[in-house]
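See structure below.
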Amino acid sequence: MALLAAVPLTVTNGAAAYDVRPGAAAAPMSFAATSASDMDATPSPDANAAPSTRPAAGPENTTLAGNRPVSGKNPQAGPPWTQVGGVWQANSTQPVLRNTVTDKDNDTATLTFEVYTTDITGKPKSQVKLDDSQYGVLVSEFVPSGSIASVKVPYGRLQPGVTYALHTSAYDDTGLYETEWSPWVNFKIRGRAVDIKLPEPNKGATVIDQDSHQQPQAIAQPDVKPVPPAEPPIGRSPADGWSCGEVNEKTNIQPCSRLVPDNSKKTRDALTKGTSKTRAALPHLVDWCEGFGNSHIKRYEACIGSFTFEYVGVVVKDGKPTGEVLNASWAVGQEVKLSGTSATFTQQLTLVPVAVDAKFVSVTLDVRFDCMVTDRCTNDPQAWDGALEWLGADPFSHTAVGKIDHTWSAANKSDTLDLSTKITAYSPAANPAASRWQADGAQIRCDKISSTTPGCAFHKYIPTWVMNFDKTSPAVAHAWLIQSKLPNHPGSKAHNKPMFFLPAADKNAPGRDPNKNRDVICPKGWAAKSGHPQATTVPEISTGDLASCDEFAYASSYNSGGMPGGVIGGMNPVASGDSCVQTYATRVKQGEWHLYDDERMAAPTWAEVCGRSAMSGWINSTSMGGAFSSGFSGKYRLLDRDPYWVAFPQFAHCDASKVTVTCTVPKP
């Protein structure tokens with residue numbers, strides 16, 4: 001059958017109309033012939049009225065007879081093109097609607113797609129305007145008879161979690177409409193995968209005190225090192241840590257000493273209050289060391305101990321122990337305080353007598369604080385409050401507290417320093433015996449890389465970064481979601497998955513510019529072109545604020561999805577941010593924001609390794625920016641590939657274990 005040349009045929013998709021005549025250019029056509037009153041017209045209230053009553057596909061040919069086109073009996077919505085209980089499941093608010101269309105005359109044909117909301121029984125209720133034209137329907141392109149015709153619903157027409165009804169009608173290229181609509185089918189848009197309710201961002205929120213979030217990190221108790229020359233112990237086992245000296249020929253006493261980890265209340269109390277005689281509170285170089293047991297560090301502070309230094313005299317006869325042993329011991333506490341802005345640091349040693357056998361007459365301790373690599377570090381003179389000699393007649397007379405300063409030479413860009421402490425005990429009745437220890441977990445790193453001002457830190461301490469929730473709640477929610485939900489858990493202490501710092505290109509081993517990582521996940525212009533249109537900006541806080549792309553893990557990390565793998569060292573490389581979980585932050589009403597998953601696309605699988613979110617540029621940049629560089633990475637002197645944790649204390653009550661993540665923060 002011949003195409004009526006005088007009749008322009010168009011199909012619509014959203015608000016645009018396209019000329020579909022053979023040979024016509026695929027360019028939008030004007031609606032100039034359609035009046036404003038037609039555009040505002042209410043769609044036909046009768047959903048089952050003949051398709052020709054809303055001739056969106058083109059004018060009805062009332063003079064030509066012929067075989068009319070026919071819709072298929074099974075309209076569909078998807079992807080993923082699956083049904084549950086007879087209802088098609090669509091994984092996006094922009095689903096594709098499709099159906100077959102046939103024409104006995106083999107004319108090409110279109111399908112008109114009409115969608116309604118449904119009542120509680122699933123029956124059609126009210127028409128949904130799929131575009132802003134007169135009839136509120138979508139019309140496919142012309143397709144050959146027997147083919148599938150389809151349309152994609154534009155953004156903003158359908159809502160997540162809602163069930164709709166769909167039917168179609170056919171129209172062929174001769175101007176004939178199908179006399180009836182196809183059967184109704186129902187389809188459901190997937191529900192939200194993420195709905196985190198948040199408060200309004202507060203520009204004036206108090207700056208986070210990062211120090212308050214740094215908890216002591218346990219390290220191994222010090223290793224006892226040999227002190228040559230050492231004599232074989234008589235009646236004592238070297239395996240028990242004893243280091244012994246020569247037998248005193250006059251008294252037949254062999255001196256031995258050792259260091260014993262001791263976290264008993266008695267020892268902790270001794271290091272807090274001194275001897276039972278004085279009971280005066282002892283000074284602490286590091287305030288949190290008081291009452292603290294075992295060895296712990298923070299980024300700039302260390303409490304090494306508690307332990308007991310034992311000095312014994314084993315009485316021997318004819319080379320064998322008689323069974324008589326003279327005992328002396330001290331509770332020992334060691335504290336070290338570094339500075340992030342100085343090459344000089346201090347350590348303190350506290351010695352509290354626990355026992356001094358009167359037969360020793362007296363015991364004198366010689367203490368050596370050593371910075372082991374002398375060409376990298378100098379040792380100042382010691383200063384002691386309290387004598388280092390204890391009389392057997394008055395063993396609890398006093399406590400001794402000593403301090404010493406060390407200074408890194410700063411000759412290199414970076415050095416690691418080890419501190420070693422040696423105590424040698426001797427008495428009139430026994431020769432010297434010495435013990436030396438070193439806390440490997442408290443190794444010090446000094447540098448002039450993180451800042452031109454030298455400083456030193458305990459580099460084995462993993463600091464914790466806390467974002468400013470009150471100031472930038474949507475960005476914090478996004479980071480929490482990705483850390484908590486994805487299998488790689490970037491920055492999670494609970495999962496032992498630290499973030500690894502990537503500094504500027506001239507300060508990292510592969511020479512990688514962190515901005516290149518951002519370009520992979522958040523290419524320039526992505527937020528404006530592809531970000532969710534409902535991402536809310538805050539021009540009332542920042543004039544001219546525009547939508548932006550926020551990524552997690554951070555671009556300045558080896559965890560970033562944009563960091564290449566292989567020799568570059570990226571842990572979670574992806575080809576683009578399209579592979580990440582997609583979310584956006586929007587203000588629902590003044591004072592109430594939500595972080596939602598992007599319902600325009602398939603729900604997250606939660607097997608992704610990165611997150612990308614559309615949100616206010618001010619919120620995005622403020623959430624990190626100077627707050628991280630000056631308030632955290634610079635403050636704690638992070639260097640290339642240093643680990644750190646990212647914590648979200650406001651989200652402690654939120655449960656990320658479910659498929660759908662919902663939470664209100666702060667907790668109601």
Side-chain angles (χ1 to χ4, degrees), residues 10-18 38-58 69-101 109-141 143 148-171 177-178 180-192 599-602:
T10 63
V11 297
T12 62
N13 191 355
Y18 297 89
D38 288 337
M39 293 289 288
D40 295 334
T42 302
S44 170
D46 184 358
N48 295 308
S52 59
T53 62
R54 38 236 198 241
V70 179
S71 295
K73 303 299 183 184
N74 185 27
Q76 299 177 354
W81 313 113
T82 58
Q83 288 178 295
V84 176
V87 178
W88 289 98
Q89 305 297 304
N91 62 13
S92 163
T93 56
Q94 296 179 268
V96 173
L97 311 179
R98 69 186 187 185
N99 198 1
T100 56
V101 59
T110 70
L111 284 182
T112 296
F113 293 79
E114 192 171 59
V115 171
Y116 274 64
T117 60
T118 58
D119 61 20
I120 58 174
T121 67
K123 293 181 179 179
K125 182 180 179 183
S126 301
Q127 186 183 357
V128 177
K129 294 201 72 174
L130 298 181
D131 70 1
D132 293 328
S133 64
Q134 178 181 0
Y135 300 108
V137 296
L138 295 179
V139 180
S140 75
E141 295 181 353
V143 298
I148 294 175
S150 63
V151 294
K152 184 175 182 179
V153 179
Y155 168 74
R157 304 292 172 167
L158 304 178
Q159 300 300 315
V162 177
T163 299
Y164 297 94
L166 159 70
H167 64 177
T168 67
S169 68
Y171 176 76
Y177 274 94
E178 187 174 7
E180 295 181 355
W181 291 86
S182 74
W184 289 99
V185 294
N186 287 359
F187 69 97
K188 184 177 181 179
I189 306 297
R190 71 167 179 87
R192 292 279 186 198
E599 79 286 353
R600 300 174 303 163
M601 54 196 67

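Worth saying up front: this structure is predicted, and the values here are computed from it rather than measured.
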| query | Tell me, do Y135 and Q127 make a side-chain contact under 4.5 Å, heavy atoms counted? | reply | no
| task | Pick out which of T110, N99, T112 makes a side-chain hydrogen bond (donor to acceptor under 3.5 Å, both in side chains) with T168. | result | N99
| Side-chain contact, heavy-atom cut-off 4.5 Å: L130 with V151? | no
| message | Whether the side chain of Y177 engages the backbone of G58 through a donor-acceptor N/O pair (distance < 3.5 Å, no angle test) should be reported. | response | yes
| Parallel, tilted or perpendicular, as decided by the 30° and 60° cut-offs, for the rings of H167 and W184 | parallel
| K125 side chain near T118 side chain, heavy-atom distance below 4.5 Å | no
| field | Side-chain heavy-atom pair D132, R157 within 4.5 angstrom cut-off | value | yes
| Stepwise, does the side-chain contact (heavy atoms from CB on, under 4.5 Å) test hold for V128 with T117? | CA-CA 7 Å; V128 177; T117 60; 3.8 Å; yes
| request: Taking salt bridge (Lys or Arg N to Asp or Glu O under 4.0 Å) as the test, write out the residues that go with E599, two or more places apart. | output: R192
| message | Looking at every heavy atom in both Y116 and P124, which two are closest together, and how far apart are they? | response | CB-CB, 4.0 Å
| Does any non-hydrogen side-chain atom of L138 lie less than 4.5 Å from one of D131? | yes
| request: For S52 and P55, work out which heavy atoms get closest and say how close. | output: O-CD, 3.4 Å
| query | V101 and Y171: side-chain contact (heavy atoms from CB on, under 4.5 Å), yes or no, with the steps? | reply | CA-CA 9 Å; V101 59; Y171 176 76; over 6 Å; no
| For the side chain of R190 and the backbone of N91, is there at least one donor-acceptor N/O pair under 3.5 Å apart? | yes
| Do R54 and D46 pass the salt bridge (Lys or Arg N to Asp or Glu O under 4.0 Å) test, and can you show the C-alpha distance, the side-chain angles, and the key distance before you say yes or no? | CA-CA 11 Å; R54 38 236 198 241; D46 184 358; over 6 Å; no
| query | What pair of heavy atoms forms the shortest contact from Q89 to V87, and how long is it? | reply | NE2-O, 2.9 Å
| task | Please tell me if the side chains of P75 and L97 come closer than 4.5 Å, counting only heavy atoms from C-beta onward. | result | no
| note | Separation between OH (Y155) and CD (Q94), nearest 0.5 Å, reads 8.5 Å
| Looking only at heavy atoms, what is the nearest atom pair of R98 and I148, with distance? | CB-CG2, 3.8 Å
| request: Evaluate side-chain contact (heavy atoms from CB on, under 4.5 Å) for F187 paired with V185, printing each intermediate quantity in order. | output: CA-CA 7 Å; F187 69 97; V185 294; 5.7 Å; no
| Minimum heavy-atom distance between G72 and S182, given as atom pair plus value | O-CB, 3.5 Å
| request: Answer yes or no: does atom CD of E180 have more than 12 heavy-atom neighbours from other residues, nucleotides or ligands under 6.0 Å? | output: no
| task | Test N186 against Y164 for side-chain contact (heavy atoms from CB on, under 4.5 Å), laying out the working first. | result | CA-CA 6 Å; N186 287 359; Y164 297 94; over 6 Å; no
| said: Between W181 and S71, is there a side-chain heavy-atom distance shorter than 4.5 Å? | reply: no
